Amino acid sequence: MNHHNNYLAHTVLIFGVLLFLLPIWVMVAGATQDAAAIARGDISLIPNIHGLGIFWHALFFKGVASAGYPVWHMLLVSFTMALGIAVGKIAISLTSAFAVVFFRFPFRRVMFWTIFLTLMLPVEVRIIPSFAVLSSLHLVNTYGGLTLPLIASATATLLFRQVFTAIPDELVEAARLDGAGPLTFLRDMVLPVSRANIAALFVILFVYGWNQYLWPLLVASTPAYSTIVLGIVQMISPDEMTPWNMIMATTTLALMPPIVVVILLQRAFVRGLTDVDK
Amino acid sequence: MERRTIFPGKLLPMLLIAPQLALTFVFFLWPAARAVGEAVTATNAFGTSTIFVGIDNFTALFADSQYWSSVWRTLVFCASVSLIAMVLGMLFANFTDRNLRGKNWYRTFLIWPYAVAPALSAVVWVFMADPQIGVIGRYLGPNWNYGLNGAQAMGLVIAACAWKQVSYNFIFYLAALQAIPRSLVEAATLDGARGLTRFRTIVWPLLWPTTMFLLVVNLVYAAFDTFGAIYALTGGGPAGATETLVVKVYEDGYIGNDIGGSAAQSVALMVLVVALVSLQFRFLNRRVQS
Amino acid sequence: MATLELQSLTKNFGATSVLKSLDLTLASGEMLVIVGASGCGKSTLLRLVAGLESPSSGRIILEGEDITNRDPSKRDIAMVFQNYALYPHMTVAQNMGYALKLRGETKEEIAHKVAETAKLLGLGELLTRRPGQLSGGQRQRVAMGRAIVREPKLFLFDEPLSNLDAKLRVTMRAEIRRLQQRLGITSLYVTHDQVEAMTMADRLIVMEAGRASQIATPMEIFEKPANLFVAQFIGSPAMNILQPAEAAFANIPANAVIGIRPEHVALDDNGLELLIDLVEPLGAETLIYGTLPSGQRLTLRRPGGPPGVSTLRVSFPQDALHIFDTTSGMRL
């Protein structure tokens, strides 16, 4: 690789990094500045160190027009929803894939294809009829309503099926001869062996859950169940007169948890992502 | 694919698969069936009687010029988002896949936008592009106002949605590039292929399956996952200039309460997804074989 | 250790019959080796005994108890697998102690037994390692240890040495046999390697197409092969099979073929002329390949170096001949 090419590579990559970082930088720097100055169009790219307290104050901000629940509560709702979706989906996919791979039972194929079919119907497509069903089950404005319809999807089941199918037959046989029944085998062999996949899936699903917008928009009609993403979009709507620095600080708080999770578990996540979609 | 060794028993596996099956029935099959049912029926204004109307809702939908302009808009939007996100993703991946100083740092800094919610990417872009406060928008002159100008609104929505999606394509292209045997690239170098020629004749053909796979994923993303971004930035406006199919389903079905029409739209969308996913599986199979 | 009895054990997969009514009795402490080409049903036999497959008919009796339909986890049988099947996420000690833990033994008991077995196999240093950090030979030893520590009623070996290199295979072969004899382990051992079969077995089953062609001690099988298949399968190089066309054979029935092992062919100045076409010196001995006047091929094994001539004169001592029926292949 010659030097000319390296300069080109660095230039292109630095451009990429800036392309992603600049908007975030503007947001973080802007949050620390005076709301009136921002509204005049005077955002400075240099953060104001004395304004750092805004990130703390933002946690208790309740919005201007709606005066609903504070930001920390919305973060909590988002966190609960993301965690519920990630844990719930991993749990039901793990057990259903285990059943499909390690047992033979009547209608096994039919059941698997029924689950597989759900791959074809993202929540955005079936949004109105799903909402109607949810209403008749009285799940509007509940955590069940926020999470359950997003838990039922085939991607994780497909991934686990692939991982489990790759477990060598001999390993299963050795465990059976050592005296392990199906549930012991699940606990002692399957879970430890697929630990990395579970971690990766956790990242993907947590981000997926945290970032939901359309579904909570329908299901969380009272502020008590408003997620942070809903709350911020509400803040920038024209009839709210939220100070810009507050919007920026809140958006920063909303972006942090999934970004931190992705960066911390980067390796597992990249491998898991490329595996899931295979 | 079938295992040689299995566990005996029928009740246990059925219990294990039951939760997912139950959720699938309640939240997928039931709504889907309901959508189909509502698409072929009409209910009177008092909700007291329902009659079978066959394909009337579909005929009405497909005769509606607004629907077709939404279809066209969605196509332009999806194609633009996919193209921009994939080209940039591949560009960055190509330059990261080398013995470059700071390679791992670049990778980390190019991956994180995956975690940004589409709706929040729209908010972040407001800070950039807003005509009054945006760090770029305020210098774009009096003619820049995406709140009034449909073309500008579309451009901004495309930028915000593509911006967030570059990382995803970057991750996949990087994985695909790392799977190309070094010896292959070295052989091409010895054969005299350099720079762009080497990329065009060796690397690009090997990335083709990944490209086809990503194309479908990006189209699906642009068509369905971007609702939040569009709704937060423009609310589908101005004057419907950014109203994609999913936005329209929401507007007509939830805000406008047109049950039959929105159900017909849902069914049309389902058909579209089934087509896209089937396409994906064809390419996936090819990818597995190659 | 216990006795094992198989009564008309049969296994069909759909229309194909993989194992055809096998009867077999294994004495306590006996090492029985099952040898045959791939697809002869030897692995199926092992898996039936382990309980990983269920037989189409017949019975399996271990220590007087009918275990034909018992779950593998309740048979008290240990198996050493071809690819070792060590649990990748467990240390060597955990691998060895897993069955004991499931059985509900205390931590102290397990640690004690694992340490004992590890000492026996020279695994003491490796107890905290994971399978991924071990060499092929060490993994093989851990797989053995995992089986031994359980003190099961019966050991099954499924081609345990076939993933090792040639040199290690010879060492491990001797080591397994030494352990098996010292601990008096009743064992069923499957292999496709006839040298392994000959050296390790108390008794040998030669299997062909789902049937036991012969069950006997290795020397009996070598000296009195029951049929043509066994005759050619055991012994290396394979036994010469000749049509009685050569003038050298007297008193041979018309519908018979003659077998003679390469080392039993005699040099005889009055014998038939053998035209040599290939000589392979192995050091201590030499293999000589050639053609008889009738056009039939013959292999000789002679002590010492190459003969340095292009023809030899050979004869076939009467007491070294094996005579088989042409149609049935059975020994006459």
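Sequence lines set the chain letters: A, B, ... in the order given, protein chains first and strands last, and positions in each chain run from 1. Side chains included, hydrogens not; waters and symmetry mates left out as well; all remaining heavy atoms used. From a predicted model like this one, the values you see are computed outputs, not experimental measurements.
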Phe13(C) CZ: over 12 foreign heavy atoms closer than 6.0 Å: yes
Validation row: Met189(A), Met90(C) side chains within 4.5 angstrom (heavy atoms): yes
Leu86(C) versus chain A, heavy atoms under 4.5 Å apart: side chain, backbone, both or neither? backbone
On a heavy-atom basis, which atom in Ala50(C) and which in Leu177(A) lie closest, and how many Å separate them? O-CD2, 3.7 Å
So which residue, Asn83(C), Ile77(C), Leu156(C), ends up with the most heavy-atom pairs under 4.5 Å with chain A? Asn83(C)
Is the backbone N or O of Ala174(A) less than 3.5 Å from a side-chain atom of Tyr87(C), with the two atoms forming a donor-acceptor pair by type? yes
With a 4.5 Å limit on heavy-atom distance, are the side chains of Thr184(A) and Tyr98(C) in contact? yes
Given heavy-atom pairs under 4.5 angstrom as the criterion, report whether the side chain, backbone, both or neither of Asp158(C) touches chain A. neither
Please test Met79(C) against Glu170(A) for side chain to side chain contact (heavy atoms under 4.5 Å, CB included), starting from the C-alpha separation and ending with a verdict. CA-CA 10 Å; Met79(C) 185 155 166; Glu170(A) 285 82 2; over 6 Å; no
Within 6.0 angstrom of Lys113(C) NZ, more than 12 heavy atoms from elsewhere: yes
Please indicate whether Phe105(A) has more than 12 foreign heavy atoms, meaning atoms of other residues, nucleotides or ligands, lying under 6.0 Å from its CZ. yes
Under the salt bridge (Lys or Arg N to Asp or Glu O under 4.0 Å) rule, what pairs show up with a residue in residues 177-197 of chain A, not counting sequence neighbours? Asp178(A)-Arg150(C)
Crowding at CZ, Arg103(C) (>12 non-hydrogen neighbours, <6.0 Å): yes
Closest non-hydrogen contact found for Ser73(C) with Gly179(A) is CB-CA, 3.4 Å
Structural part of Arg47(C) lying under 4.5 Å from a heavy atom of chain A: side chain
